[in-house]
Amino acid sequence: MSTSGQHQFRYTQTPSKVLHLRNLPWECNEEELVELCKPFGKIVNTKCNVGANRNQAFVEFTDLNQAISMVSYFASSSEPAQVRGKTVYIQYSNRHEIVNNKSPGDVPGNVLLVTIEGVEAGDVSIDVIHLVFSAFGFVHKIATFEKAAGFQALIQFSDANIASEARNALDGRSIPRYLLPEHVGSCNLRISYSAHTDLNIKFQSHRSRDYTNPYLPVNPTAIEGVVQPALGPDGKKKEHESNVLLASIENMQYAVTVDVLHTVFSAFGTVQKIAIFEKNGQTQALIQYPDVTTASVAREALEGHCIYDGGYCKLHLSYSRHTDLNVKAYSDKSRDYTIPDSSQLAAQVPPTAWQNPQAAMYPGNEYTVTAAMQAQVAGGQVPSWDPNLQAGRQTFVSTPSTFPGQSYTAPPVPGYAPSALPTGSSPLTQTSPVAHGAASMGITRPGVSPNVNIHGSSSPAPGSSPLLQANPLSRNLVQPWSQLNVRPEGVSPPGHPPYYGQ
DNA sequence: AGCACA
């Protein structure tokens with residue numbers, strides 16, 4: 001008489017050693033599942049927090065009879081199966097084994113990866129996140145970031161037990177409404193484990209916090225994402241100064257390598273770090289000085305000037321929002337000069353290492369946030385460039401041998417008066433970066449050129465070591481002068497004589 | 001309260 005008489009249930013009930021459990025309480029974890037099921041046999045695998053509501057689970061016994069005994073028992077029992085007082089419905093799974101029980105995000109650790117669904121980054125403050133997660137124990141560090149997956153946060157606890165409690169309690173739940181702006185609708189938390197064990201927070205900011213280190217400097221201007229200065233209401237650039245310069249390189253017909261940039265920008269002070277990246281098809285670079293003053297001088301001096309003569313590689317400089325770059329110490333695209341002997345790493349670092357430098361650290365679903373991680377775990381100090389985007393520009397970055405032969409001129413070295421340079425006295429003088437570079441600078445911005453005005457005409461003798469550092473052909477900045485006479489194959493001498501501007 | 005994962 002029932003309509004289901006000749007119908008099977010939508011989900012077949014043929015016995016399987018895998019059982020499907022539903023109506024589980026949201027708190028349910030693996031241990032509770034095992035407690036419920038182990039009287040009937042040995043459990044070889046489980047999967048909990050399944051389904052949209054995370055209230056289903058699978059349990060796999062070693063053999064079919066054990067699963068059958070459990071289903072049979074509760075089918076005839078007056079006491080339903082329960083977890084924490086909640087009735088659990090048990091049936092045979094329509095599969096015969098549990099696959100992929102543990103995704104990387106399920107491997108417990110002391111750091112949680114929290115995705116806050118349905119909100120924009122600005123809707124949930126780091127203080128709210130801190131408040132919510134502090135209910136389970138001392139929160140050591142928080143780093144937030146925004147990616148395709150949504151607004152995410154890494155929450156570091158002292159140990160995996162506390163992290164686990166927080167995850168079990170909060171996964172799938174919402175941040176209380178009263179903690180959120182009114183316009184926010186639902187706001188579900190999706191929580192998995194991060195592979196990280198210790199976040200590297202460099203600044204206290206609205207994006208990242210280290211609660212273990214109250215003396216960590218505050219970086220009030222660290223704003224995620226956009227590197228370029230924001231536009232003010234009047235449409236003019238709102239520039240706040242920074243010790244890090246953002247250089248956009250226009251008309252980049254010639255290679256602009258880390259070494260070239262280091263040479264150019266070192267004229268104004270110690271360059272700490274450099275990172276080159278592509279943005280919207282344009283090459284950009286971040287150059288970090290120890291202080292704002294140095295950066296400011298460099299910016300004023302170099303803005304609008306060309307690295308190479310003929311209008312090539314014109315620099316446009318602005319202040320980055322970043323204050324401390326998190327770059328690979330030695331790669332094609334970045335350099336950290338604050339690390340001793342970084343140049344020695346050259347031979348040891350595979351050329352492709354930078355392309356996915358932290359891949360091993362970001363298994364599974366964290367993969368999608370790698371770029372943001374590099375930025376935000378470091379405290380929001382790095383723009384969210386994707387190193388992988390830099391493929392395909394090898395023509396410009398490989399070696400000096402790819403310079404167009406006849407038109408090569410070397411980059412400038414501000415700080416030495418062009419007039420002090422010898423011309424034609426040696427093969428090298430014609431390629432002198434000082435000569436051409438200074439000329440280029442002088443032409444582009446007469447009177448502002450740092451090489452003339454800042455350091456005056458107190459030039460060193462030709463051939464002294466600063467000149468070496470200017471030569472982009474030099475792969476190694478400490479290369480002895482004599483070695484520079486041996487040009488890399490394929491690099492032609494300059495096609496035009498040195499030009500000395502005023 | 002009704003089947004994951006790739």
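Worth knowing before you read on, the calculation uses all heavy atoms, side chains too, and leaves out hydrogens, waters and symmetry mates. In the text below, chain A, chain B and the rest are named by the order of the sequence lines, each starting its count at 1.
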- Task: Round to the nearest Å and state the distance from K47(A) atom NZ to dA4(B) atom P.
- Result: 10 Å

- Within this structure, what is the CG-to-C1' distance between L21(A) and dG2(B), rounded to whole angstrom? 12 Å

- May I have the distance from R22(A) (atom CZ) to dA4(B) (atom P), rounded to whole angstrom? 14 Å

- Item | Between dA4(B) (P) and N53(A) (CG): distance, integer Å | 13 Å

- The answer to which of N23(A) and E97(A) contacts DNA chain B further toward the 5' end, by nearest nucleotide, is N23(A)

- Task: Would you please indicate if the ring centroids of F40(A) and Y73(A) are separated by under 6.0 Å?
- Result: yes

- Message: For dC5(B) and R95(A) - does any side-chain N or O of the residue sit under 4.0 Å from the phosphate oxygens OP1/OP2?
- Response: no

- Starting at atom CD of E60(A), determine the distance to atom P of dC5(B), rounded to an integer number of angstrom. 16 Å

- Message: Would H183(A) and D123(A) count as a side chain to side chain donor-acceptor pair (under 3.5 Å) here? Give the steps.
- Response: CA-CA 9 Å; H183(A) 71 271; D123(A) 293 338; 3.0 Å; yes

- Message: From C-beta outward on Y89(A), which listed nucleotide comes closest to its side chain: dG2(B), dA1(B), dC5(B)?
- Response: dA1(B)

- Note on the structure: Separation of dA1(B) atom P from Y92(A) atom OH, nearest Å, is 22 Å

- Query: Once the angle between the rings of Y312(A) and Y254(A) is folded into 0 to 90°, is it parallel (under 30°), tilted (30 to 60°) or perpendicular (over 60°)?
  - Reply: perpendicular

- Query: Going by atom types alone, do H316(A) and E250(A) pair a side-chain donor with an acceptor below 3.5 Å?
  - Reply: yes

- Query: Taking CG from L24(A) and P from dA1(B), how many angstroms apart are they, rounded to a whole number?
  - Reply: 11 Å

- Message: Less than 4.0 angstrom between a side-chain N/O of Q91(A) and OP1 or OP2 of dG2(B), yes or no?
- Response: no

- Tell me: CG of L33(A) to C1' of dA4(B), nearest whole Å? 14 Å

